[in-house]
Amino acid sequence: MATKKARTLRDLARMKRALAPGHRACAGCPFPVILKILMSATDDPLVIANATGCMEVTSTIFPYTAWPVPWIHNAFENAAATISGVESAYKALKRRGKIKTEKEIKFIAIGGDGGTYDIGLQSLSGAIERGHDFLYILYNNEGYMNTGIQRSSATPMYASTTTSPAGKVIPGKLQWRKEITDIMIAHQAKYVAQASPSHWVDFMKKVQKALETKGPTFINVISPCQPGWNYPPDMSIELARLAVESKYWILYEYRSDANNGLGGYKINYRPRKEVSIVEFLKPQRRYRHILDRPELIKDIEDHIRRNWERLERLEKELPLEE
Amino acid sequence: MSFKKVTTGNHAVSYAVWSSRVQVISAYPITPQTQIVELLSEIVAEGQLDAIFINVESEHSAMAACIGAAATGARAFTATSAQGLALMHEMLHWAAGARLPIVLANVNRAMAPPWSVWTDQNDALAQRDTGWMQIYNESNQEVYDSVIIGYKVAEQVRLPFMTVLDAFVLSHTSEPVEILTQEEVDEFLPPREFDPKFYSIDLNDPRGYGLLTMPSDYYEFRYKVQIAHEKALEVYKREVELFAEIFGRKYGVFEEFMLDDADYVLVTSATLTSDAKYAVKKLREKGIKIGVLKMRLFRPFPFEDIRRVLGDRKKVAVIDRNIGFGHHGIFYQEIKSALYPLEKRPPVFGYIIGIGGRDVTPADIEDIVDDMLKREEMTEIIWKGVRL
């Protein structure tokens with residue numbers, strides 16, 4: 001793979017492969033940034049299958065597309081099944097000499113959390129199990145934001161959404177987010193990672209590692225949602241950073257072939273100083289009903305600590321050496 | 001040289017897919033279809049067909065992967081039945097709307113509940129308005145040929161094509177089938193040419209597929225699907241003529257049996273046609289001038305041909321192995337609607353029979369004819385053999 005070198009934001013700004021101007025993403029939405037990092041990570045040709053969702057709806061309005069690469073949308077629950085067909089057809093046509101490219105095409109499926117944690121989980125599971133050579137990018141804004149902010153199984157505990165509203169009796173969503181990154185690890189996907197647009201060099205490296213890996217790979221990227229999380233539109237990347245600094249969102253990676261096939265974990269970023277979860281929660285109006293409920297905030301803190309400790313133990317037991 | 005093989009309807013589909021040089025097969029098992037994809041898996045595993053077989057985790061994904069493959073430019077195939085076809089329903093709309101020439105073999109099986117694996121047509125007919133072409137088969141030879149003809153038509157008009165065969169009566173019953181050599185099939189249906197202009201992997205001219213489309217444009221997309229169906233009728237007629245020239249087997253939009261001088265016509269589809277033909281021969285011996293019109297092409301619907309053939313008969317009976325709940329048998333609805341513009345038209349009677357795989361015999365057909373001959377006024381719906 002011809003790996004592009006982007007070490008500074010100035011380098012990143014100069015990268016050409018990105019969504020074209022004129023897309024209709026909300027002010028402050030970080031997914032155009034996520035896509036720029038994704039597409040700048042490699043010079044290889046890309047073919048993308050996109051699940052239904054805000055990314056799809058705002059980036060391709062007939063007769064225009066903001067995408068600089070071949071792109072297919074084929075319903076909500078099946079981006080992984082669709083890319084299975086595309087990748088298989090490519091292999092079948094290529095071995096007959098019908099597709100001629102100097103470089104290997106890389107296949108990427110992209111879905112939001114609704115299209116991945118919920119309605120698309122089965123087709124993702126199938127595609128990973130079958131071992132297709134593709135990267136699945138989950139842009140995780142923690143809810144059905146395209147349809148107007150409903151709860152998904154990625155929505156965090158106590159967040160208020162239009163279908164898990166905070167009321168006098170019920171303080172928002174009452175379930176923890178399902179750990180889909182673990183679910184992908186359990187599938188023995190070749191390479192699995194969590195990333196954040198705030199730590200873009202880390203994210204870009206992860207994309208490069210995933211694309212260099214033969215077989216199915218998966219990256220779960222946090223994508224703060226201005227209308228969904230309800231915060232000032234200039235705070236998206238800052239909130240992504242606070243999510244990482246407060247250990248709410250752990251940057252880590254997993255390789256299934258490490259340690260002679262036992263698998264290996266690596267936490268890629270350890271916050272140097274403690275950042276209270278309240279700093280992450282406070283700017284988001286989806287949490288405003290719990291800011292004066294210390295017992296609920298403690299629940300979240302405990303959950304974060306458990307997740308961190310669990311991952312540290314896994315890393316200690318099964319370290320991933322570079 | 002082509003050769004005769006005694007084979008089931010299911011395996012006739014598999015051999016036809018092999019003959020058609022399909023490049024991507026994506027399928028999920030379901031009774032009574034499973035043998036189709038089992039044999040295809042073997043053919044691919046033995047290296048006899050250079051295709052990729054995707055063992056998807058559901059029929060929904062089977063069609064999603066076929067769409068991905070066909071959009072990339074490969075010849076794609078899947079097979080299913082009943083509940084599987086229903087699960088695929090959303091993707092059937094996508095395949096037709098995206099104008100992809102996928103071929104699907106559906107083994108007609110009754111929908112649950114109550115649970116059944118036996119034949120009737122409600123599964124396929126419920127997909128009537130998805131934009132797929134549909135053809136119904138009476139014999140395993142038709143099953144084999146219709147897959148090959150299906151790709152030939154589908155790739156010209158860019159519409160998906162569903163070929164339909166009855167559960168067990170065809171799917172698991174062996175008949176002699178003429179299997180064509182690869183050279184013979186290639187002459188009629190050349191291997192699919194990769195055309196990056198229309199499909200998604202054109203790295204130099206990247207395009208998007210499946211875009212959000214506003215009311216100002218959406219309408220025309222639907223209009224074009226309809227126009228493609230109208231064109232498909234012409235293309236189908238041309239291709240079956242070419243097929244007849246090369247291979248000697250003649251298929252129309254429907255089949256006419258003893259119709260030349262017939263005053264009375266039984267409109268049938270699929271395997272119960274064989275019973276109807278047998279009954280008609282006996283009735284002819286009694287001096288009743290009756291014949292059979294076997295529907296083959298259901299979508300696009302051959303309105304003009306139906307009017308031409310049925311318009312000046314004395315009476316028509318449509319036999320449906322399906323029911324459009326709250327309305328009539330589905331072929332009955334369609335035949336009536338085709339005849340409506342004629343000033344003079346025969347009365348048409350609609351009979352329901354054989355739902356859920358209940359056996360249909362020539363004696364049942366004779367009963368239907370007796371009933372039709374006695375009736376003067378058209379009636380809403382006539383159930384044959386309901387036991388209460």
Side-chain angles (χ1 to χ4, degrees), chain A residues 24 44-50 52 56-103 105 107 109 120 122-127 129-130 132, chain B residues 21-26 28 50-58 60-76 78 90-91 93-95 97-98 100 102 191-196 199-214 216-218 220-221:
Chain A
R24 269 86 147 176
D44 289 346
L46 302 175
V47 173
I48 290 179
N50 199 172
T52 307
E56 167 264 320
V57 161
T58 58
S59 64
T60 58
I61 299 171
F62 180 83
Y64 303 107
T65 171
W67 292 78
V69 298
W71 180 95
I72 182 169
H73 165 226
N74 182 35
F76 190 11
E77 61 279 58
N78 56 8
T82 304
I83 208 78
S84 304
V86 173
E87 183 247 11
S88 299
Y90 169 71
K91 274 203 275 190
L93 294 168
K94 181 137 193 188
R95 74 186 182 203
R96 286 180 172 80
K98 293 199 174 184
I99 292 182
K100 294 180 183 69
T101 54
E102 285 168 31
K103 295 175 179 169
I105 295 176
F107 297 94
Q122 172 182 314
S123 72
L124 173 61
S125 173
E129 184 270 335
R130 292 190 299 272
H132 294 281
Chain B
R21 293 185 188 263
V22 166
Q23 293 156 325
V24 174
I25 301 157
S26 166
Y28 188 79
D50 180 17
I52 290 182
F53 192 107
I54 313 176
N55 283 288
V56 283
E57 80 300 329
S58 72
H60 194 283
S61 285
M63 187 47 62
C66 278
I67 290 169
T72 305
R75 194 171 276 168
T78 191
E90 182 195 19
M91 290 290 100
H93 283 279
W94 274 90
L100 296 170
I102 297 160
R192 188 170 180 196
E193 276 309 307
F194 178 63
D195 185 353
Y199 300 101
S200 63
I201 296 193
D202 187 355
L203 300 168
N204 301 316
D205 184 16
R207 286 153 192 250
Y209 290 82
L211 278 59
L212 170 66
T213 302
M214 297 296 171
S216 53
D217 293 299
Y218 182 91
E220 283 69 24
F221 279 91

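Proteins come first, then strands; the chains are lettered A, B, ... in the order of their sequence lines, and each starts at number 1.
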**Student:** Are Phe221(B) and Phe62(A) near enough that their ring centres are under 6.0 Å apart?
**Tutor:** yes
**Student:** Are His73(A) and Leu212(B) close enough that some pair of their side-chain heavy atoms sits under 4.5 Å apart?
**Tutor:**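 Not touching, per the 4.5 Å side-chain cut-off.
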**Student:** For Thr72(B) and Ala89(A), work out which heavy atoms get closest and say how close.
**Tutor:** CB-CB, 3.7 Å
**Student:** Compare all side-chain heavy atoms of His60(B) with those of Asn78(A) and state whether any distance is below 4.5 angstrom.
**Tutor:** yes
**Student:** In terms of heavy-atom proximity below 4.5 Å to chain A, should Ala70(B) be classed as side chain, backbone, both, or neither?
**Tutor:**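 Neither part, no heavy atoms under 4.5 Å.
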**Student:** Identify, with sequence neighbours excluded, every residue that meets salt bridge (charged side-chain N to carboxylate O under 4.0 Å, His left out) alongside Lys91(A).
**Tutor:** Glu87(A)
**Student:** How about Glu56(A) and Leu211(B): do any of their side-chain heavy atoms sit closer than 4.5 Å?
**Tutor:** no
**Student:** Any heavy-atom pair between the side chains of Arg95(A) and Ile52(B) that's under 4.5 Å?
**Tutor:**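 With C-beta onward as the side chain, the pair touches.
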**Student:** Taking C-beta and beyond as the side chain, do Ser123(A) and Glu57(B) meet within less than 4.5 Å on heavy atoms?
**Tutor:** yes
**Student:** Only pairs of heavy atoms separated by less than 4.5 Å count here; which of Pro68(A), Ala79(A), Ser88(A) has the most with chain B?
**Tutor:** Ser88(A)
**Student:** Please classify the contact between Leu93(A) and chain B as side chain, backbone, both or neither, with a heavy-atom cut-off of under 4.5 Å.
**Tutor:** side chain
**Student:** Could you grab the distance from atom OG1 of Thr82(A) to atom OH of Tyr209(B), nearest 0.5 Å is fine?
**Tutor:** 14.5 Å
**Student:** If we only count heavy atoms from C-beta on, is the Glu77(A) to Glu90(B) side-chain gap below 4.5 Å?
**Tutor:** yes
**Student:** Is Val57(A) close to chain B through its backbone or its side chain, or both, or neither, when contacts mean heavy atoms under 4.5 Å?
**Tutor:** both
**Student:** Rounded to the nearest 0.5 Å, what separates atom CD1 in Ile61(A) from atom OG1 in Thr213(B)?
**Tutor:**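 Ile61(A) atom CD1 to Thr213(B) atom OG1 measures 9.5 Å (nearest 0.5 Å).
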**Student:** If I compare all heavy atoms of Ile54(B) with all of Ser84(A), which pair ends up nearest, and what's the gap?
**Tutor:**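 Looking at all heavy atoms of both residues, the shortest contact is CD1-O, 3.8 Å.
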**Student:** Between Gly68(B) and Val86(A), which heavy-atom pair has the shortest distance, and what is it?
**Tutor:**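 Distance-wise, the nearest heavy atoms are O-CG2, 3.4 Å.
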**Student:** When heavy-atom pairs shorter than 4.5 Å are enumerated against chain B, which of Ala75(A), Ala80(A), Gly126(A) gives the highest number?
**Tutor:** Ala75(A)
**Student:** Give, as side chain, backbone, both or neither, the part of Val56(B) having an atom under 4.5 angstrom from any heavy atom of chain A.
**Tutor:**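 Both backbone and side chain.
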**Student:** Evaluate the side-chain proximity of Asp202(B) to Pro70(A): yes if any heavy-atom separation is below 4.5 Å, no if none is.
**Tutor:** no
**Student:** For Ser125(A), give me all partners under side chain to side chain donor-acceptor pair (under 3.5 Å), at least two apart in sequence or on another chain.
**Tutor:** His187(A)
**Student:** Hey, what do you get for CG (Leu203(B)) to CG (Leu46(A)), rounding to the nearest 0.5 Å?
**Tutor:**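 Taking CG in Leu203(B) and CG in Leu46(A), the distance rounds to 9.0 Å.
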**Student:** With a 4.5 Å cut-off on heavy-atom pairs, point out which of Val69(A), Thr65(A), Ile83(A) contacts chain B the most.
**Tutor:** Val69(A)
**Student:** Is a side-chain donor or acceptor of Arg96(A) paired with a backbone partner of Asp50(B) at a separation under 3.5 angstrom?
**Tutor:**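 Checked: pair present.
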**Student:** Against chain A, label Ser26(B) side chain, backbone, both or neither, depending on which of its atoms sit under 4.5 Å from a heavy atom there.
**Tutor:**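 Neither; nothing under 4.5 Å.
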**Student:** Got a donor-acceptor contact below 3.5 angstrom from the Lys98(A) side chain to the Arg192(B) backbone?
**Tutor:**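 At least one qualifying donor-acceptor pair exists.
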**Student:** Which atoms of Ile105(A) come close to chain B, meaning under 4.5 Å heavy atom to heavy atom: side chain ones, backbone ones, both, or neither?
**Tutor:** side chain
